[in-house]
Amino acid sequence: MRLGVTLFTTDRTMPAHELAVAAEERGFVSLYVPEHTHIPVSRKTPPPTGVETLPDEYARTPDPLVALAAAAVVTERIRLGTGIALPAQRDPIVTAKAIATLDRLAGGRFVLGIGYGWNEEEAADHGVPWRRRRAMVREHVLAMRELWTEDEAAFEGEFVAFEPCWSWPKPEGRIPVLLGGAPGPTLFAHIAEYGDGWIPIGGAGIRDALPALREACAAAGREMVPVVPFGTVPNPQKLDYYDSLGIEEVVLRVPAGGRDEVLPVLDEYARTYPDRLA
């Protein structure tokens, strides 16, 4: 089992490209950064963490694809991912080209971690029908896959439709799509249909959920997909537990701060878990 890291990047934290270099130097296998296009001032939707006031970091996230493009050109090995991106809020044709371009810059190291979103007001500003956002995410990913893989791509769906078209560059290979969210039949059916893995936030309840995910994958005629616990605060017992479940990657949380706050935590992780680094 190997370790990656995630930072809630903002315009006030250590930049993603600097963190990518530091993480790669220490042997971490991946770096993930989040996405919010904007945060409406209205707080009709309560904060997802249960706090009374939404932290201002949610309104300050850089565009993850631009940030990771910068990281791609100053690193060589570390995988670069979104944790998580919000495909329902993005034009799939434009996003497919941006991701393909990023993946080419990264030499095939990009990972698309996605979610359905929690902020109804944010989604509404993008014209996302809230109760249909899961179906919208699915179509956007399927449409992007067509653009990534077909010389003449076309798509016809409820939310996305385009006639046969040309779109290059293509990614280096298959873009891994990891779906975030709480365990349940709908999420696992979507992972089994069009995903390449599950990124449970925090990792609680994984053991109990694995049989249902394995069953969903079998029903779709495919092998069990990877599970990548995300945003984990580690200790040796927790990592040994994940290891016992056959998990091959765990993404550790680092503080949303500058270099003076982030680098000591990276160093501590590297000193404590040297056998889990690349």
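Small disclaimer: the values here were computed from a predicted structure and weren't measured. Residues: numbered from 1 along the sequence shown.
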Identify, with sequence neighbours excluded, every residue that meets salt bridge (Lys or Arg N to Asp or Glu O under 4.0 Å) alongside [X].
{"X": "R132", "value": "E158"}
{"X": "R134", "value": "none"}
{"X": "R131", "value": "none"}
{"X": "E25", "value": "none"}

Quiz item: Which residue pairs satisfy the side-chain hydrogen bond (donor to acceptor under 3.5 Å, both in side chains) criterion with at least one member in residues 205-223, sequence neighbours excluded?
Solution: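 For residues 205-223: none.
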
Measuring only between side-chain heavy atoms, which start at C-beta, is [X] closer than 4.5 Å to [Y]?
{"X": "L19", "Y": "V33", "value": "no"}
{"X": "L80", "Y": "I78", "value": "yes"}
{"X": "T13", "Y": "V262", "value": "no"}
{"X": "V251", "Y": "I199", "value": "no"}
{"X": "K44", "Y": "N119", "value": "no"}
{"X": "K170", "Y": "T149", "value": "no"}
{"X": "P236", "Y": "Y273", "value": "yes"}

Same hydrophobic cluster for [X] and [Y], using side-chain heavy-atom links shorter than 4.5 Å among ILVMFWY?
{"X": "V265", "Y": "V29", "result": "no"}
{"X": "I99", "Y": "V66", "result": "no"}
{"X": "Y32", "Y": "L266", "result": "no"}
{"X": "Y242", "Y": "Y269", "result": "yes"}

Quiz item: Applying salt bridge (charged side-chain N to carboxylate O under 4.0 Å, His left out), which residue pairs with at least one partner in residues 240-264 are found, sequence neighbours left out?
Solution: E18-R259, R79-E249, D240-R276, D243-R276

Self-check item: Residue pairs fulfilling salt bridge (charged side-chain N to carboxylate O under 4.0 Å, His left out) with at least one residue in residues 135-146, sequence neighbours excluded
Solution: R138-E193, R145-D196

List for me each residue that meets side chain to side chain donor-acceptor pair (under 3.5 Å) alongside [X], sequence neighbours excluded, and say none if there are none.
{"X": "R109", "value": "T75"}
{"X": "T186", "value": "none"}
{"X": "D56", "value": "R12"}
{"X": "T45", "value": "E121"}

Quiz prompt | Cationic N near anionic O, under 4.0 Å, E268 to R271 | solution = yes

Quiz item: Residues two or more places apart in sequence or in another chain: which of them pass ring pair (Phe, Tyr, Trp, His ring centres under 6.0 Å) with Y194?
Solution: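 With neighbours one apart ignored, the set is H190.
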
